[in-house]
Q: 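I'd like to ask some things about the structure below.
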Amino acid sequence: MEQERLWILLGRKLAGLATEEELQELELLLLAYGEDAATMEIIERMWASRAGKTTTDRDDNILDRIEAATRPVQRTRRLSTWVFSGVAMCAAAVVCWGVLWKGGEKKETMNVLFTHRKSHSNLLFPDGTSVVLNENSRISYNADFGKVKREIVLEGEAYFDVAKNPGMPLIIHAKNVDIKVLGTSFNVKAYPSDKGVETSLIKGAVEVSSKQWPEQKILLRPNEKINIPVSGGGPDKNTAGVQDEVDSPAAVAAPVKNQPLEDKNNLTDTLSYNLHSLNIERTSKLIPEIAWMYRKLVFNQESFESVAEKMERWYGVSFYFEDDDLKKEVFTGSFSKESLEEALKALQFSYSFNFIIKKSEVFIQRKK
Amino acid sequence: MFSIEPNELLRQIAEENDRRAFRNLYDIMHKSLYDFALAIVKLREPAEEITADVFIRLWERREKLEHGRIRSCRLYLFMCVKNASLNYLRDNKRPEQLDLDQVSLADWELETNPEELMITSEMAACLDRAIRELPVRCGIVFRLVKEEGLSYKEAAQLLDLSEKTIENQIAIALKKIRQAISFKIPASHS
């Protein structure tokens, strides 16, 4: 009877209904029945994942019926039905249609999807490519994706599982970096606040290059990550190729005349980058770079500065350090549902420091 | 800006006459609603028709929609599909009660992505089989709660069951899934 209780409680936990007491009771029952953490982890991940939904003719049938019955009399062209019917999304993502301007004259229709804070989005493209979009991120892709070419512009972070198509490579533009893909799984992190574009390859092969030195291509091997710094400071919207549809026509029409000729100064330089290997963090058994997909924050031998950066995004706070040496302390660990305070207290176990939380600001001080 | 939260989309449709919100709602919901309709009526064409009609009626009635009183757009749409499906059964001289032991989940497949769960494809296949082999009553509750994100209360309302029954069915599903993968984990000691 007791053991039935375990599954009732686990169900309540997964459905988000369990109280604090029930969670504690569940922990005790899991221990009592010798349920190992790995199995529970798989069940929890299974629960959190959404089955991919494949598109069939049925979907078009349903859509055709609806459109025929509800369209206004002056029929407008159907907006790239085939792309959108293939896109299965989880809650809280946002869709809109934008227009991409490339090289001044050429106009191309782009579909734009973005996520808010604390929401992920699973996208499935008609060619079989799947993308998991992390919070506060946006991607846009050509409306005829998969027909003549496959191009995606990314701002933020996403995990790509690209369907093989040797005749049509997928190209991802993130800030100043282009990633050419033939068929593989990898993660790209390029938030506006990031100092560079980080590409982590899980399997397959990708070719990474920067817009400034397109000839210099770097071939990434599985379990490697590359970080290419953004040249000339902040992200450059025009090179990234994204033009918000909310922009005024004047802004769109204005050529890139006012851009500083930064490329000229850099002509003699070559591409600088950092290459690292990916490692699995032992306790969570996850690769830190893609732990966000499992709604986990994982760091492996990382500096306090980089840990703080991740926690800033995770908890929506800002960190302030008393001195720069503190930033160099190294931590390993993982968080999922811990509150900010609990997480900081856990960090204190491996290195003793003081912290003060004031609303959304965290002050880190040396222990006196 | 367009939200993808169904309740918000419903508001945009009702208040702002927003066709894109309507399209978004379709994108998010049509597949699940179709699967649910098919589970009840068991025929593809009628299931397509029922799903399309629910959306068409929603659009036509958008101005009269008391969306403020619809607490959950998801549940509302599932309810519409359920009623339309039962009407279809009645019109075709078949039982017009939702008989949970008679629904068909054959087409409502949940497929596990081994990479996402970081498990072997063999284990993923075991998981899928365990889900597929759940008793239908259990399977439909599992799909509605896990996959469609209905709360226990909403699932209970939709299926005319008690919340306690939903809770038990989820427990049964989890236990079966646990059993299905127990022999596949190398370091498992149970």
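Residue numbers start from 1 in every chain, and the chains themselves are labelled A, B, ... in the order their sequence lines are given, proteins ahead of strands.
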Q: Out of B/I170, B/V145, B/L174, which one racks up the most heavy-atom pairs below 4.5 Å with chain A?
A: B/L174

Q: Please classify the contact between A/L14 and chain B as side chain, backbone, both or neither, with a heavy-atom cut-off of under 4.5 Å.
A: side chain

Q: I need the minimum non-hydrogen distance between A/F299 and A/F335, along with the two atoms involved.
A: CZ-CE1, 3.5 Å

Q: Chain A heavy atoms under 4.5 Å from B/L127: which part of the residue, side chain, backbone, both or neither?
A: side chain

Q: With no hydrogens and no angle check, just 3.5 Å: does a side-chain donor-acceptor pair link B/E148 and B/S32?
A: yes

Q: Name the region of A/S185, side chain, backbone, both or neither, that has any atom closer than 4.5 Å to a heavy atom of chain B.
A: side chain

Q: How many angstroms lie between atom CG of B/L43 and atom CG of B/N92, to the nearest 0.5 angstrom?
A: 8.5 Å

Q: Please flag which part of A/L17 lies under 4.5 Å from any non-hydrogen atom of chain B: side chain, backbone, both or neither.
A: side chain

Q: Checking side-chain polar atoms at under 3.5 Å, does A/N61 have a donor or acceptor matched by the opposite partner on B/E48?
A: yes

Q: Could you tell me which residues satisfy side-chain hydrogen bond (donor to acceptor under 3.5 Å, both in side chains) with A/E44, sequence neighbours excluded, listed by chain and number?
A: A/K13

Q: Checking heavy atoms, do the side chain of B/N168, its backbone, both or neither come under 4.5 Å from chain A?
A: both

